[in-house]
Amino acid sequence: MVLHGDVSQFEVLMKRYQGMVFSQARKAFLSEEEAEDFTQEVFLKAYESLSQFRGEAQFSTWLFQIAKFRLTKVNKKKSHLITDWTEDVSTVADKSKPSVAEILDKEETQLTLHSLIAKLPKSYQLPIHLHYFENKPLKEIANDLNIKLNTIKSHISRGKELLRKWWSHEIEG
């Protein structure tokens, strides 16, 4: 029985529900690899927490709650990664010691930028993420994604242009 740690029975549940978890992860992450890693992490956490499953809800509901909680934790960590990119958008005049208001403004800027990047077409999101967040050279991105270098340049340029346009609407609105 699964609740008693029968791994083979848990594998049945994984096969049944991994598509559900992966599809949610795919919406939240820029790369398929990140989504796969997240999916594995959710199932590992579920397996470790089986003793807490009381059967009051369906297993899928319980699993979805684990995924939702883990995703919230991941998003909090990711919001700190946006800092480098936001330096181009808004800079703090005095770098010595920012005030509380400046810190809050910066965090709001990061969250806004993150939400705008998430609105970009997927073909723009991944090259932008790889180039600006993972510091990968354009040639390497082109090779990794098996896309022509000029296409990668174009996707990044168009993505940045959309971000600039949306950013100006965010500031005006």
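None of these values were measured; they are calculated from a predicted model.
- Taking CZ of F43 as the start and OH of Y17 as the end, the distance is 9.5 Å to the nearest 0.5 Å.
- Closest of all the heavy-atom pairs between L63 and A46 is CD1-CB, 3.7 Å.
- Side-chain contact between D144 and L130 is absent, with no heavy atoms from C-beta onward closer than 4.5 Å.
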Please step through side chain to side chain contact (heavy atoms under 4.5 Å, CB included) for the pair V21 and Q18, ending with a clear verdict. CA-CA 5 Å; V21 174; Q18 81 183 56; 5.6 Å; no
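- Clustering ILVMFWY residues whenever any of their side-chain heavy atoms sit less than 4.5 angstrom apart, transitively, puts M20 in a cluster other than the one holding L44.
- Rounding to the nearest 0.5 Å gives a distance of 14.5 Å between CD of E161 and CD1 of I156.
- When all heavy atoms are compared, the tightest approach of L162 to P121 is CD1-CD, 4.2 Å.
- To the nearest 0.5 Å, atom CD1 of residue I141 and atom CG of residue L145 are 7.0 Å apart.
- Across I128 and K160, no two heavy atoms sit closer than the pair CD1-N, 4.0 Å.
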Assess the residue pair H129 and E34 against the criterion (side chain to side chain contact (heavy atoms under 4.5 Å, CB included)); give the C-alpha distance rounded to whole Å, side-chain angles, the decisive distance to 0.1 Å, and a yes or no. CA-CA 12 Å; H129 175 78; E34 286 178 304; 4.2 Å; yes
Step-by-step side chain to side chain contact (heavy atoms under 4.5 Å, CB included) determination, H131 to I152: CA-CA 10 Å; H131 187 63; I152 292 297; over 6 Å; no
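- The ring-ring contact (aromatic ring centres under 6.0 Å, His included) test applied to Y124 returns H155, not counting sequence neighbours.
- Within a 6.0 Å radius of CD in E33, other residues, nucleotides and ligands contribute 12 heavy atoms or fewer.
- Separating the CG atom in L138 from the OG1 atom in T151 is a distance of 12.0 Å, to the nearest 0.5 Å.
- Taken from NZ in K122 to CG in L126, the straight-line distance is 9.5 Å, to the nearest 0.5 Å.
- Between T39 atom OG1 and R70 atom CZ the span is 12.5 Å, to the nearest 0.5 Å.
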Take F22 and E32, measure what side chain to side chain contact (heavy atoms under 4.5 Å, CB included) needs, and give me the verdict at the end. CA-CA 9 Å; F22 181 76; E32 194 166 308; 3.6 Å; yes
